[in-house]
Amino acid sequence: MFKSKKRIFSLLLALVLVLGLSVSAFAEMEILPDDGVLEVKAIDGSNEYSVEMKFVEVNGVTRYTGYIEFPSNSVDLSDVQIEAEFDDLEYSLEVNGVPYTSNMSVNFSDGYVDFVLKSGSTIFRTYQINAGIKGTNTPIVVSIDLKNAKGWLIGDYKSENKEGYVVPLAEDYSLAKDRVQNAVDSLENGQLSVVVLADIGESAMDVFKRAIGARYLNLNAIGADSGYVSEIGRNGHETLPALLFQETHPEDFPPEEWWKDRTGWIYKMNDEVPNMGASQYIITASDETMIWGYTFDWGIDMGAPEW
């Protein structure tokens, strides 16, 4: 909150039982029961602003995010004073790595802020929360990155994973190689970047859907409407699919051995891989770029952590 107008916004945190959305890394979206949620509200006198909370499960790990929308010109996002409520007999709270204190100032102007509840030294749950001003927008450059796919085709692809997983070689899987080559050729036969004017508060997936529909891109992203992009290609041509090897060489990559095929589409915001789905990521004024890249190793080859 900005001090010049002497207002105080409070974020009220409470654990409650709810139903949440869960999305696996390379699977369809489904509704599952969630065991807890952080309830966040901003209070200004008699006015109350509630956060939209979302939940997504990636590789067995549930991510919790929230977004709070302030009225136009009503708040300085770089200086929001917070009040937090939680079970202080069991938990302690850190905000962006700083121990929580009553009325502490939080900077939401750079995007997501980590709220970490701990039980002793053990992290109980991390919530990522951001905020924006209603009715504002920001330009975002949306692009498709084919670096991994092209590197894999010519044999100089690398992944930084430390667990020893070896990505199948293009020279050993001719059908997969042909599929990737055809898709890359068609994708490169046209523009791969466009600027989209994004509304503060909308999801990254909404922005991406508008971008691929632009005449400069004219791309087809299968699954975008349901919250998970399973394939991307130039309209009418071959696509790069998730689970490439299972599609092209099912005899070597049966569904029950899903871990042998780590291919699919991953997005980056501001050159970093978010730990949430694109339908869950909420745009703020700090966002500038969105890049969709093809991964052969669950995003590790794009800088994602080994979750």
Side-chain angles (χ1 to χ4, degrees), residues 1-3 6-23 32-45 47-70 74-132 162 201 269-270 272-277 280-282 284-287 303-307:
M1 192 42 246
F2 54 92
K3 298 174 182 176
K6 301 185 182 298
R7 294 180 181 176
I8 296 178
F9 281 81
S10 300
L11 300 183
L12 305 179
L13 285 63
L15 295 176
V16 298
L17 296 178
V18 297
L19 290 180
L21 291 180
S22 178
V23 182
L32 295 174
D34 181 70
D35 63 351
V37 63
L38 186 68
E39 182 180 305
V40 180
K41 295 180 181 178
I43 311 298
D44 177 25
N47 297 319
E48 183 175 287
Y49 309 102
S50 296
V51 68
E52 179 187 0
M53 297 297 296
K54 294 187 178 180
F55 321 90
V56 64
E57 185 177 305
V58 180
N59 296 339
V61 179
T62 302
R63 319 280 174 186
Y64 300 84
T65 63
Y67 173 72
I68 188 164
E69 185 174 75
F70 294 99
S74 67
V75 62
D76 177 2
L77 295 179
S78 69
D79 187 14
V80 178
Q81 290 179 311
I82 67 168
E83 285 289 339
E85 290 184 1
F86 54 95
D87 184 355
D88 55 8
L89 296 179
E90 183 176 358
Y91 302 110
S92 61
L93 176 67
E94 292 183 356
V95 182
N96 266 0
V98 178
Y100 166 77
T101 57
S102 181
N103 291 329
M104 71 185 297
S105 177
V106 176
N107 180 5
F108 287 101
S109 66
D110 293 329
Y112 279 95
V113 174
D114 289 337
F115 287 71
V116 181
L117 279 175
K118 290 185 175 181
S119 180
S121 61
T122 301
I123 294 177
F124 168 70
R125 185 163 294 143
T126 297
Y127 303 85
Q128 291 186 300
I129 300 174
N130 68 8
K162 298 178 177 60
M269 292 298 302
N270 311 309
E272 293 186 359
V273 178
N275 64 348
M276 64 192 80
Q280 193 181 24
Y281 188 101
I282 300 300
T284 67
S286 63
D287 293 315
E306 296 191 45
W307 290 321

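For this chain, numbers begin at 1 and follow the sequence in order. Note that the structure is a prediction, hence the values are computed from the model and not measured.
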message: Quick one: does any side-chain atom of Asn96 pair with a main-chain N or O of Asp114 as donor and acceptor, under 3.5 Å?
response: yes
task: Give the ring-plane orientation class for Tyr91 versus Phe124, where under 30° counts as parallel, over 60° as perpendicular and anything between as tilted.
output: tilted
- prompt: Do Phe70 and Leu77 come close enough that some side-chain heavy atom pair is under 4.5 Å?
  reply: yes
field: Least distance between heavy atoms, Phe108 atom then Ile129 atom
entry: CE2-O, 3.7 Å
- prompt: Where do Ser286 and Asn270 come nearest, in terms of heavy atoms and distance?
  reply: O-OD1, 3.9 Å
task: Apply the side-chain contact (heavy atoms from CB on, under 4.5 Å) test between Lys118 and each candidate in Leu93, Ile123, Thr126; give the one that qualifies.
output: Ile123
message: With a 4.5 Å cut-off on side-chain heavy atoms, are Thr65 and Tyr281 touching?
response: no
task: Start with the C-alpha distance between Val113 and Asn107, add both sets of side-chain angles, then the distance that settles side chain to side chain contact (heavy atoms under 4.5 Å, CB included), and finish with yes or no.
output: CA-CA 8 Å; Val113 174; Asn107 180 5; over 6 Å; no
query: Is there a side-chain contact between Tyr112 and Thr284, using heavy atoms and a 4.5 Å cut-off?
result: no
